[in-house]
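Worksheet for the structure shown next.
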There are 2 protein chains.
Amino acid sequence: MSERGLLIVLSGPSGVGKGTVRKAIFDSEGNEFEYSISMTTRQMRTGEKEGVDYFFRSREEFEELIQTGKMLEYAEYVGNYYGTPLDYVNQTLDSGKDVFLEIEVQGAMKVKEKVPDGVFIFLTPPDFDELKSRIVNRGTDDMAVIDERMKVAREEVDMMRHYDYAVVNDKVDLAVDRIKKIIESEHYRVDRVIHRYEKMLKEF
Amino acid sequence: MSERGLLIVLSGPSGVGKGTVRKAIFDSEGNEFEYSISMTTRQMRTGEKEGVDYFFRSREEFEELIQTGKMLEYAEYVGNYYGTPLDYVNQTLDSGKDVFLEIEVQGAMKVKEKVPDGVFIFLTPPDFDELKSRIVNRGTDDMAVIDERMKVAREEVDMMRHYDYAVVNDKVDLAVDRIKKIIESEHYRVDRVIHRYEKMLKEF
C-alpha cells in the first residue's frame, strides 16, 4: 500500500456499546488497523513499555503538546492526562496503515477539526427508547441527575449529523461487519486513490 | 425501508468488463437492486411486454422527453433511440429501491448532472498496459484508428476523477464483492439516513 492510511473514528452516545464493538473489530479476522497508542502522564507500571503500552511523558511535556496543538484529543482523569498524539497518528497514516480510534463524541469532534478526511462512524442504539430507559434507570431517582443525563445524551445523539456514517448497534457482530465494509469501501474512494492512478494515467 | 433508494451507476473505459461485472452482480445473492427498464422507439417484438422488457414509445414521444429533460441518458442505435427515463428512475428510488445502471462514461456524466447524489463507481483495469495492448491489437494495423482509440480510451480513463469510487476489475467475483460493500456502506451514510433519525431525535 502506497497511499496514506485512513483515520477511523468510532464514536456514539454513552451506553451505546462503543467499547464492545471496538474490541470485537480488533478480535475479528482480516483487520489490519493500527492500535492508536495513547500518551499519558501517569507513572509507568512494572511490565509496561514505552511506545508499546503508552508513550510516557511528564506533565510539562504533555501540556507543551496541548499548547502547540500536537494532541489529536486528550482528557484528564484522576489527576493524569491521557490523549492521542497527532504526530504518531500522522506517521502511522503516512506509512499506509489505518488508525482506529474509539472515543467519546466531544473528543471525536476535536479530531474532526484536525483530521477532516478521517472516516467518522457514529454508533447508534437500535432503539432510542431503550437508551432513554437505560439512562433514566441508572440507579438513581434524583430527577435533576436524570435530567442532566438526558440533556447530555440528547447533545451526544444530536452530534450524529457531523459524522460520515451511522451504524446501528443491534447486534455486535452485525455492527462489526458493517463497520468493516465501510472501512474497505472508503479505501476505494476516488479522492483517496486518484494519486496512485495519476502516474499510470500519464504513462497511458 | 422508508428512505429513498440509491442510484448506482457503474461505468468505466471500453473493454474493462462492465457488462460482465453487472451481470455477476445481478446473478449474485442478496441483491435487491431494481433493473433499470429502458425506453426505446423500436418495434415491440413477439413476447415482449410494455414496462417489462422496455417502455415502448414513438419517436415523437421520445424526442419530447429528450427536449424536456426527462431522459436520464439516451443514445441512438441503428435508427432507434434507447434511454433511461428519469421519472421511472425517480419513482423507483422514491419507493425505497436501489436502481442500478451500467453505462458508458459519457452517459454516466450526464446522469451525474441530473442525479448528483447517485453513487458513481468507476471500474478500472488491473493493469493499464494490458488495456493499452488490447486497444492496439484489436485486429487492425491502421495507426490512425489505433491513435483514435487510444485518444478515446485516455479520455474515458481520465473521467475517473469525477466518480465517487474506483474499483479494480482484477477478478469478477472480487469486483462484485467490492461493489456490493460500497453500496451497503452508502446506505449507512449519515446524509442519507439523518431524516429517519430526526423524528426519533425529536421524541428522545
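Each chain gets a letter, A, B and so on, in the order the sequences are listed, and its residues count up from 1.
Against chain B, the residues from residues 151-161 of chain A that qualify, each with a non-hydrogen atom under 4.5 angstrom away, are A:Ala153, A:Arg154, A:Val157, A:Asp158, A:Met160, A:Arg161 in number order.
Both the backbone and the side chain of A:Ile182 come within less than 4.5 Å of a heavy atom in chain B.
Between chain A and the options B:Ile121, B:Val167, B:Val190, the largest number of non-hydrogen pairs under 4.5 Å is found for B:Val190. Contact tally against chain B (heavy-atom pairs below 4.5 Å) for A:Ile194, A:Asp164, A:Ile183: the top residue is A:Asp164. Chain A forms more heavy-atom pairs under 4.5 Å with one residue of B:Val193, B:Val168, B:Asp191, B:Thr124 than with any other, namely B:Thr124.
Between the OH atom in B:Tyr165 and the NE2 atom in A:His187 there is a gap of 12.5 Å [rounded to 0.5 Å].
Listed by first and then second residue, the ring-ring contact (aromatic ring centres under 6.0 Å, His included) pairs involving residues 87-122 of chain B are B:Phe26-B:Phe100, B:Phe33-B:Phe100, B:Phe55-B:Tyr88, B:Phe122-B:Tyr163 (not counting sequence neighbours).
Atom NZ of B:Lys114 has more than 12 heavy atoms from other residues, nucleotides or ligands within 6.0 Å.
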Dump the intermediate steps for salt bridge (charged side-chain N to carboxylate O under 4.0 Å, His left out) on B:Lys180 and A:Glu184, then the final yes or no.
-> CA-CA 11 Å; B:Lys180 290 176 81 168; A:Glu184 184 175 336; over 6 Å; no
